[in-house]
Student: 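Pasting in a structure now, in structure tokens, and then I'll have a few things to ask.
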Amino acid sequence: MATPTHSAAGQSRAQVRWGHASIPSPSGPVPARVYRPAASAPLGWLVWAHGGSWRAGSAQDWHGPTAELARISGFAVASVDYRLVPEVRHPAMVEDVLAALAWAREQAREQDGERAGERAGDPLPVAVGGDSAGATLAACAALACRDRALPLAAQLLAYPPLDPGCTAASYHRFPDMFPTASYLMAAWQDYRDPDRPAAADGTPLHSTPFEAADLRGVARAVLATGDLDPVGDDVHRYARLLQAAGVEVTLREFGQTGHGAFLQPGHATSGGPETASLRGWLGVALRLLTSPAAPGA
């Protein structure tokens with residue numbers, strides 16, 4: 001359970017409350033920060049995996065952006081402190097995200113019980129997401145949910161690196177932009193287990209969704225990248241593969257935007273302040289995609 005809550009920083013201070021949580025998993029407790037809308041019950045639950053090349057980052061470091069994501073989406077956001085390299089390698093990080101999703105489903109079921117009769121037959125949605133390396137983990141967790149026939153409303157993927165070889169043209173189009181191909185290739189080498197391990201129940205635990213032979217039936221995807229991001233071609237390629245497999249995809253490329261934009265505040269545009277930033281657009285997209293009136297919701 002979450003500890004007593006505190007007000008979140010920045011613009012979301014009065015609109016989001018947060019607390020610590022300890023999520024049970026077969027490998028031991030997984031720490032997380034849980035952000036909830038302050039004025040109303042959550043519209044659903046989102047498990048978020050932070051970036052950091054699988055070697056760095058934390059829920060604390062991502063505090064402000066994930067609080068704002070909760071405010072804009074109306075979802076409760078569980079920001080997971082998954083295990084990192086060098087203490088572990090894949091698939092430990094994916095397993096931690098999957099444990100957080102199981103916990104989020106329990107929270108959603110409890111909330112459904114508390115509001116019994118209000119929206120009968122319309123359970124609260126549970127989604128997964130992440131930025132950069134965390135988005136890679138989220139995409140892999142979505143595939144495991146598909147393989148286990150577990151419900152998942154959506155996957156929100158902010159500029160995930162997906163090709164361990166970093167072969168796409170965008171890596172070489174912007175050779176001096178972060179992350180460079182050499183930097184990411186070293187990160188992939190530290191992160192990946194070449195044996196492509198499976199879970200105890202036999203479920204494949206991919207290190208990248210590019211390993212999956214079949215993408216049919218995976219959760220709807222919301223993808224975001226920037227036109228100056230070296231991983232941009234990976235994101236576009238994955239969007240095409242998902243669409244070819246019959247998966248509903250929403251993709252936006254932000255102009256004059258590099259890697260790491262989830263952490264940056266946006267600027268007001270004709271689209272309004274919420275959709276000006278990458279994380280704001282993700283929050284709005286999640287809210288609209290999973291609303292009861294949305295097709296397939």
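We count residues from 1, following the sequence as given.
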Student: Are Leu98 and Val88 connected into the same hydrophobic cluster when the rule is that any two of I, L, V, M, F, W, Y join if their side-chain heavy atoms are below 4.5 Å apart?
Tutor: yes

Student: If hydrophobic clusters are built by linking Ile, Leu, Val, Met, Phe, Trp and Tyr wherever their side-chain heavy atoms come under 4.5 Å apart, do Leu43 and Trp103 end up in the same one?
Tutor: yes

Student: Hey, are Thr203 and Arg148 close enough side-chain-wise for a donor-acceptor pair under 3.5 Å?
Tutor: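 Arg148 vs Thr203: donor-acceptor pair found between side chains.
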
Student: Evaluate side-chain hydrogen bond (donor to acceptor under 3.5 Å, both in side chains) for Arg192 paired with Ser207, printing each intermediate quantity in order.
Tutor: CA-CA 6 Å; Arg192 292 180 89 200; Ser207 63; 3.0 Å; yes

Student: If two hydrophobic side chains count as joined below 4.5 Å and joins carry through other members, does Leu241 share a cluster with Leu223?
Tutor: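 Yes; Leu223 is reachable from Leu241 via cluster members.
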
Student: Tell me, with the steps shown, if Trp18 and Val77 meet side chain to side chain contact (heavy atoms under 4.5 Å, CB included).
Tutor: CA-CA 9 Å; Trp18 72 276; Val77 178; over 6 Å; no

Student: Would you say Met177 ends up clustered with Tyr183 if hydrophobic residues are merged whenever their side chains have heavy atoms under 4.5 Å apart, either directly or through other cluster members?
Tutor: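 No; tracing contacts between hydrophobic side chains, which count when under 4.5 Å, never links both residues.
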
Student: Salt bridge or not for Glu87 and Arg55, using N-O below 4.0 Å?
Tutor: no

Student: Just by modelled atom types, is the Ala59 backbone N or O under 3.5 Å from a matching donor or acceptor in the Asp81 side chain?
Tutor: yes

Student: Less than 4.5 Å apart, any side-chain heavy atom of Met93 and any of Cys140?
Tutor: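 They are not in contact (no side-chain heavy atoms under 4.5 Å apart), so the answer is no.
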
Student: Do Asp131 and Tyr159 come close enough that some side-chain heavy atom pair is under 4.5 Å?
Tutor: yes

Student: Which atom pair, heavy atoms only, marks the closest approach of Val97 to Ala49?
Tutor: CG2-CB, 4.2 Å

Student: With the side chain counted from C-beta on, respond yes when His236 and Leu251 share a heavy-atom pair under 4.5 Å apart, and no when they do not.
Tutor: yes

Student: State, yes or no, whether a side-chain contact exists between Pro42 and Pro37 at a heavy-atom distance under 4.5 Å.
Tutor: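 Pro42 reaches Pro37 side chain to side chain.
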
Student: Is the backbone N or O of Gln264 less than 3.5 Å from a side-chain atom of Arg279, with the two atoms forming a donor-acceptor pair by type?
Tutor: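 Present.
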
Student: Taking atom types as modelled and ignoring hydrogens, do the side chains of Trp188 and Asp163 form a donor-acceptor contact shorter than 3.5 angstrom?
Tutor: no

Student: Show the nearest heavy-atom pair for residues Leu278 and Ala261, with the distance to one decimal.
Tutor: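 Leu278 and Ala261 have their closest heavy atoms at CD1-CB, 4.0 Å.
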
Student: Check Leu157 against Ala135 and note the closest heavy-atom contact, atom names and distance.
Tutor: CD2-O, 3.4 Å

Student: Just do the side-chain hydrogen bond (donor to acceptor under 3.5 Å, both in side chains) check on Tyr191 and Thr136 with the steps written out, would you?
Tutor: CA-CA 11 Å; Tyr191 156 67; Thr136 312; over 6 Å; no

Student: Checking Arg220 against Gln155 for the side chain to side chain contact (heavy atoms under 4.5 Å, CB included) test, could you report, in this order, the C-alpha distance in whole Å, the side-chain angles of both residues, the deciding distance, and whether it holds?
Tutor: CA-CA 6 Å; Arg220 297 173 292 184; Gln155 49 180 325; over 6 Å; no

Student: Please examine the side chains of Leu205 and Glu95, heavy atoms only from C-beta on, and report whether any two atoms are closer than 4.5 Å.
Tutor: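 With C-beta onward as the side chain, the pair touches.
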
Student: Examine the side chains of Ser79 and Arg33 and answer whether a donor and an acceptor come within less than 3.5 Å of each other.
Tutor: no

Student: Please name the pair of heavy atoms, one in Val30 and one in Asp96, separated by the smallest distance, quoted to 0.1 Å.
Tutor: CG2-OD1, 3.8 Å

Student: How far does CZ of Arg287 sit from CG of Leu69, to the nearest 0.5 angstrom?
Tutor: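 Result: 11.0 Å between the selected atoms.
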
Student: Tell me if the aromatic rings of Tyr35 and His63 count as close, with their centers under 6.0 Å from one another.
Tutor: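 Here the rings of His63 and Tyr35 have centres that are less than 6.0 Å from each other.
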
Student: Quick one: are Thr180 and Phe174 in side-chain contact, heavy atoms under 4.5 Å?
Tutor: no

Student: Is any side-chain heavy atom of Asp227 closer than 4.5 Å to a side-chain heavy atom of Gln256?
Tutor: yes

Student: Look at the side chain of Thr208 and the backbone N and O of Glu211, then say whether any donor-acceptor pair between them is shorter than 3.5 Å.
Tutor: no

Student: Are the side chain of Ser170 and the backbone of Pro230 linked by a donor-acceptor contact shorter than 3.5 Å?
Tutor: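 Indeed, once roles are kept as given, a pair shorter than 3.5 Å links the two residues.
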
Student: When you measure from the side chain of Asp112 to the backbone N and O of Leu124, does any donor-acceptor pair fall under 3.5 Å?
Tutor: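 Such a contact is found between Asp112 side chain and Leu124 backbone.
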
Student: Could you pull out the closest heavy-atom pair between Leu162 and Phe210, with the gap in Å?
Tutor: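 Closest approach of Leu162 to Phe210: O-CD1, 3.3 Å.
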
Student: Between Ser132 and Gly134 (side chain of the first, backbone of the second, donor and acceptor by atom type, cut-off under 3.5 Å), is there such a pair?
Tutor: no

Student: Apply side chain to side chain contact (heavy atoms under 4.5 Å, CB included) to the pair Thr257 and Leu228, showing each step before the final yes or no.
Tutor: CA-CA 5 Å; Thr257 300; Leu228 302 178; over 6 Å; no

Student: With a sphere of 6.0 Å drawn around CZ of Arg216, does it hold more than 12 non-hydrogen atoms of other residues, nucleotides or ligands?
Tutor: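 Check fails, neighbour count at 12 or below.
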
Student: Looking at Asp193 and Arg89, is there a salt bridge between them, counting it only when a charged N and a carboxylate O are closer than 4.0 Å?
Tutor: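 Salt bridge absent between Arg89 and Asp193.
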
Student: Is it true that the side chains of Ser27 and Ser25 contain a donor and an acceptor less than 3.5 Å apart?
Tutor: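 No pair is found: no donor N or O on one side chain lies under 3.5 Å from an acceptor on the other.
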
Student: Establish, yes or no, whether a centroid distance under 6.0 Å links the rings of Trp48 and Tyr82.
Tutor: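 Not close enough - the centres of the two rings lie 6.0 Å or further apart.
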
Student: With rounding to the nearest 0.5 angstrom, report the CG to OG distance, Leu156 to Ser73.
Tutor: 8.5 Å

Student: Can Val249 be reached from Tyr238 by stepping across I, L, V, M, F, W or Y side chains whose heavy atoms are under 4.5 Å apart?
Tutor: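 Result: yes, single cluster for both.
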
Student: Using the side chain to side chain contact (heavy atoms under 4.5 Å, CB included) rule, take Arg105 and Cys145 through it: C-alpha gap first, then chi angles, then the decisive distance, then the call.
Tutor: CA-CA 12 Å; Arg105 290 189 192 95; Cys145 289; 3.3 Å; yes

Student: First locate atom CG of Asp190, then atom CG of Leu84, and finally report the distance between them rounded to the nearest 0.5 Å.
Tutor: 12.0 Å

Student: Answer yes or no: is there a side-chain heavy-atom contact under 4.5 Å between Tyr171 and Thr167?
Tutor: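 Tyr171 vs Thr167: side chains apart.
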
Student: Determine, step by step, whether His90 and Trp54 satisfy the ring pair (Phe, Tyr, Trp, His ring centres under 6.0 Å) criterion, reporting the C-alpha distance in whole Å, the side-chain angles of both residues, the deciding distance to 0.1 Å, and the verdict.
Tutor: CA-CA 9 Å; His90 174 270; Trp54 308 290; 9.3 Å; no

Student: Do Arg173 and Asp233 sit within salt-bridge range, that is, some charged N less than 4.0 Å from a carboxylate O?
Tutor: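 Answer for the salt bridge query: yes.
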
Student: With a sphere of 6.0 Å drawn around CD of Gln243, does it hold more than 12 non-hydrogen atoms of other residues, nucleotides or ligands?
Tutor: yes

Student: Ignoring hydrogens and geometry, is there a side-chain-to-backbone donor-acceptor pair from Arg146 to Ala219 under 3.5 Å?
Tutor: no

Student: Taking salt bridge (charged side-chain N to carboxylate O under 4.0 Å, His left out) as the test, write out the residues that go with Arg109, two or more places apart.
Tutor: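 Scan of Arg109 (salt bridge (charged side-chain N to carboxylate O under 4.0 Å, His left out), adjacent residues dropped) gives Glu106.
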
Student: Identify the heavy atoms of Thr225 and Asp229 that sit nearest to each other, and give their distance.
Tutor: OG1-CB, 3.8 Å

